[in-house]
Engineer: 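Dropping the structure in here first, questions after.
Everything numeric here is computed off the predicted structure, so don't read it as measured data. Throughout, numbering of the chain's residues begins at 1 and tracks the sequence.
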Amino acid sequence: MKDIKKSSGMIDNQTLIIEPVFKDKAKTRIVTTHGTYYSEESTLNILEGACNRYASTLEGRLKATKKLMNYSVKTPLLIEPNDFGAFPTMSYRNLECVWIFNHPFYVVELSKGKSVIHFFNGISVTVNASKHVLLKQHQRLHTSLNIYGMYHRKK
């Protein structure tokens with residue numbers, strides 16, 4: 001288990017997922033393309049810090065995406081809108097919410113409301129979400145990133 005002093009610094013375009021855990025002092029597990037890390041910070045605090053690095057707040061990023069895309073629930077988070085973001089598996093206020101970042105994956109549904117996400121680098125993660133929700137959320141994230149990118153390039 002690797003510890004991180006500044007957990008929000010681990011959130012970048014190499015992050016695969018960030019999820020809550022309740023293991024010893026750890027509150028969050030961060031899975032990246034280069035390893036798995038644990039933090040004593042909450043998932044939302046880590047995401048807030050990541051948004052702050054790109055001159056915004058978590059609420060500000062979510063509000064902007066809601067307005068741009070007309071999403072009312074489970075809004076994708078564009079942390080660095082020209083590069084990467086993540087989508088929630090459920091309401092981001094739910095303590096069990098897992099954030100999945102914009103990397104290619106495929107999904108195998110284990111049972112109603114439980115699936116395994118397989119990333120193409122061989123990492124797999126089980127989450128409490130249906131295959132339908134995961135694929136829809138993945139599409140919403142990529143659509144948001146693409147539309148923001150088009151608006152940004154036009155200006």
Engineer: For a 4.5 angstrom cut-off between non-hydrogen side-chain atoms, does Thr36 reach Ile30?
Structural biologist: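 SC-SC contact between Thr36 and Ile30 ruled out.
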Engineer: Examine Arg29 relative to Tyr37 and say whether NZ or CZ is less than 6.0 Å from the centre of the six-membered ring and inside a 45° cone about the ring axis.
Structural biologist: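 Judged by the rule, Arg29 and Tyr37 form no cation-pi pair.
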Engineer: List the atom of Ser91, the atom of Cys97, and the distance in Å for their closest heavy-atom pair.
Structural biologist: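 Taking every non-hydrogen atom into account, O-CB, 3.5 Å.
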Engineer: Side chains of Pro81 and Arg61: closer than 4.5 Å at any heavy-atom pair?
Structural biologist: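 Side chain of Pro81 against side chain of Arg61, heavy atoms only: contact under 4.5 Å found.
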Engineer: Cut-off 3.5 Å, side chains only: do His34 and Thr32 have a donor facing an acceptor?
Structural biologist: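 Distance-only check passes for His34 and Thr32.
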Engineer: Ring-plane angle category for Phe87 and Phe105, please: parallel below 30°, perpendicular beyond 60°, tilted otherwise.
Structural biologist: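 Taking Phe105 first and then Phe87, their aromatic rings sit tilted (interplane angle of 30° to 60°).
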Engineer: Pair Leu62, Tyr92 - check side-chain contact (heavy atoms from CB on, under 4.5 Å), show working.
Structural biologist: CA-CA 10 Å; Leu62 290 173; Tyr92 76 98; 3.8 Å; yes
Engineer: NZ of Lys63 to OG1 of Thr75: how many Å apart, nearest 0.5 Å?
Structural biologist: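 Reported to 0.5 Å precision, the distance equals 13.0 Å.
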Engineer: Which donor-acceptor pairs under 3.5 Å do the side chains of residues 120-127 make with protein atoms, sequence neighbours left out?
Structural biologist:
{"unit_1": "Asn121", "atom_1": "OD1", "unit_2": "Ile123", "atom_2": "N", "d": "3.2"}
{"unit_1": "Ser124", "atom_1": "OG", "unit_2": "His118", "atom_2": "ND1", "d": "2.6"}

Engineer: Quick check on the hydrophobic clustering: are Leu135 and Leu16 connected, directly or via other members, by side-chain heavy-atom contacts under 4.5 Å?
Structural biologist: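 Leu135 and Leu16: one cluster.
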Engineer: Has the side chain of Asn52 got a donor or acceptor atom that lies under 3.5 Å from a matching backbone atom of Glu48?
Structural biologist: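 Side chain of Asn52 to backbone of Glu48, a donor-acceptor pair under 3.5 Å: yes, one is there.
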Engineer: Measure the spacing between CG of Leu145 and CG of Leu78 and express it to the nearest 0.5 Å.
Structural biologist: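 So the gap between those two atoms works out to 5.0 Å.
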Engineer: Side-chain contact, heavy-atom cut-off 4.5 Å: Glu19 with Thr43?
Structural biologist: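 When only atoms from C-beta onward are counted, Thr43 and Glu19 do not touch, as no gap falls below 4.5 Å.
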Engineer: Kindly work out whether a path of hydrophobic side-chain contacts (I/L/V/M/F/W/Y, heavy atoms less than 4.5 Å apart) joins Val73 to Tyr71.
Structural biologist: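 No, no single cluster joins them.
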Engineer: Would you name the heavy atoms of Tyr54 and Ile79 that are closest together and state the gap between them?
Structural biologist: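 For Tyr54 and Ile79, the tightest heavy-atom pair comes out as CB-O, 3.6 Å.
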Engineer: With side-chain contact (heavy atoms from CB on, under 4.5 Å) as the criterion, how do Thr65 and Leu77 come out once you've worked through the C-alpha distance, each side chain's angles and the decisive distance to 0.1 Å?
Structural biologist: CA-CA 7 Å; Thr65 303; Leu77 175 64; over 6 Å; no
Engineer: When hydrophobic residues are tied together by side-chain contacts of less than 4.5 Å, even through go-betweens, does Val133 share a cluster with Met69?
Structural biologist: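 No; Met69 is not reachable from Val133 via cluster members.
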Engineer: Check the surroundings of atom CG in Leu95: do more than 12 heavy atoms from other residues, nucleotides or ligands lie under 6.0 Å from it?
Structural biologist: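 For Leu95, atom CG is not crowded (no more than 12 foreign heavy atoms under 6.0 Å).
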Engineer: In terms of side-chain geometry, is the basic nitrogen of Glu41 or Lys25 positioned less than 4.0 Å from the acidic oxygen of its partner?
Structural biologist: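 No salt bridge links Glu41 with Lys25.
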Engineer: Take atom CD in Glu96; do more than 12 heavy atoms of anything else shown fall under 6.0 Å from it?
Structural biologist: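 No, the 6.0 Å shell around CD holds no more than 12 heavy atoms from other groups.
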Engineer: Please assess Trp99 against Leu47 for the test side-chain contact (heavy atoms from CB on, under 4.5 Å), listing each intermediate value before the final yes or no.
Structural biologist: CA-CA 9 Å; Trp99 291 85; Leu47 290 171; 3.3 Å; yes
Engineer: Could you see if Phe119 belongs to whatever hydrophobic cluster contains Val116? Use Ile, Leu, Val, Met, Phe, Trp, Tyr and a side-chain cutoff under 4.5 Å.
Structural biologist: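 Phe119 does not cluster with Val116.
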Engineer: For a side-chain contact (heavy atoms from CB on, under 4.5 Å) check, start with the C-alpha distance between Thr57 and Cys51, then their side-chain angles and the critical distance, and finish with the verdict.
Structural biologist: CA-CA 5 Å; Thr57 63; Cys51 291; 5.6 Å; no
Engineer: Please report the shortest heavy-atom distance between Phe101 and Thr15, naming the atom on each side.
Structural biologist: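 Closest approach of Phe101 to Thr15, heavy atoms only: CB-O, 3.0 Å.
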Engineer: Is the backbone of Tyr106 close enough, under 3.5 Å, to the side chain of His138 for a donor and an acceptor to pair up by distance?
Structural biologist: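 No: the side chain of His138 does not pair with the backbone of Tyr106.
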Engineer: May I ask you to decide whether Glu40 forms a salt bridge with Lys27, counting only side-chain N to carboxylate O separations under 4.0 Å?
Structural biologist: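 Answer for the salt bridge query: no.
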Engineer: Please answer whether the main-chain N or O of Lys74 pairs with a side-chain N or O of Gln137 as donor and acceptor at a distance below 3.5 Å.
Structural biologist: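 Yes; judged by distance alone, with no hydrogens or angles, the pair exists.
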Engineer: Does Ser115 use its side chain to pair, donor to acceptor, with the backbone of Lys131 at less than 3.5 Å?
Structural biologist: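 Such a contact is found between Ser115 side chain and Lys131 backbone.
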Engineer: Can you confirm whether His142 is buried at NE2, in the sense that more than 12 heavy atoms of other residues, nucleotides or ligands lie under 6.0 Å from that atom?
Structural biologist: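 Correct, the count exceeds 12.
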Engineer: How many angstroms lie between atom CG of Leu141 and atom CG of Asn102, to the nearest 0.5 angstrom?
Structural biologist: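 The distance works out to 5.0 Å.
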Engineer: Mind listing the closest non-hydrogen atom pair of Ile46 and Ile11 along with its distance?
Structural biologist: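 Of all heavy-atom pairs spanning Ile46 and Ile11, the closest is CG2-CG1, 3.5 Å.
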Engineer: Could you tell me whether Gln14 atom CD has more than 12 heavy atoms of other residues or ligands within 6.0 Å of it?
Structural biologist: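 Yes, enclosed.
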Engineer: Would you indicate whether the side-chain heavy atoms of Glu109 and Ser130 approach each other to under 4.5 Å?
Structural biologist: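 Yes; the side chains approach each other to less than 4.5 Å.
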Engineer: Starting from Val31, can I reach Val107 by hopping between I/L/V/M/F/W/Y residues whose side chains sit under 4.5 Å apart?
Structural biologist: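 Yes, same cluster.
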Engineer: Taking Lys114's backbone N and O only, do any of them form a donor-acceptor pair with Asn128's side chain (distance below 3.5 Å, no angle check)?
Structural biologist: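 Between the backbone of Lys114 and the side chain of Asn128 there is no qualifying donor-acceptor contact (under 3.5 Å).
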Engineer: Measure the spacing between NZ of Lys66 and OG of Ser144 and express it to the nearest 0.5 Å.
Structural biologist: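 Output value for this atom pair is 12.5 Å.
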Engineer: Once you round to the nearest 0.5 Å, how far does CG of Asp12 lie from OG1 of Thr33?
Structural biologist: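 Asp12 CG to Thr33 OG1: 7.5 Å, rounded to 0.5 Å.
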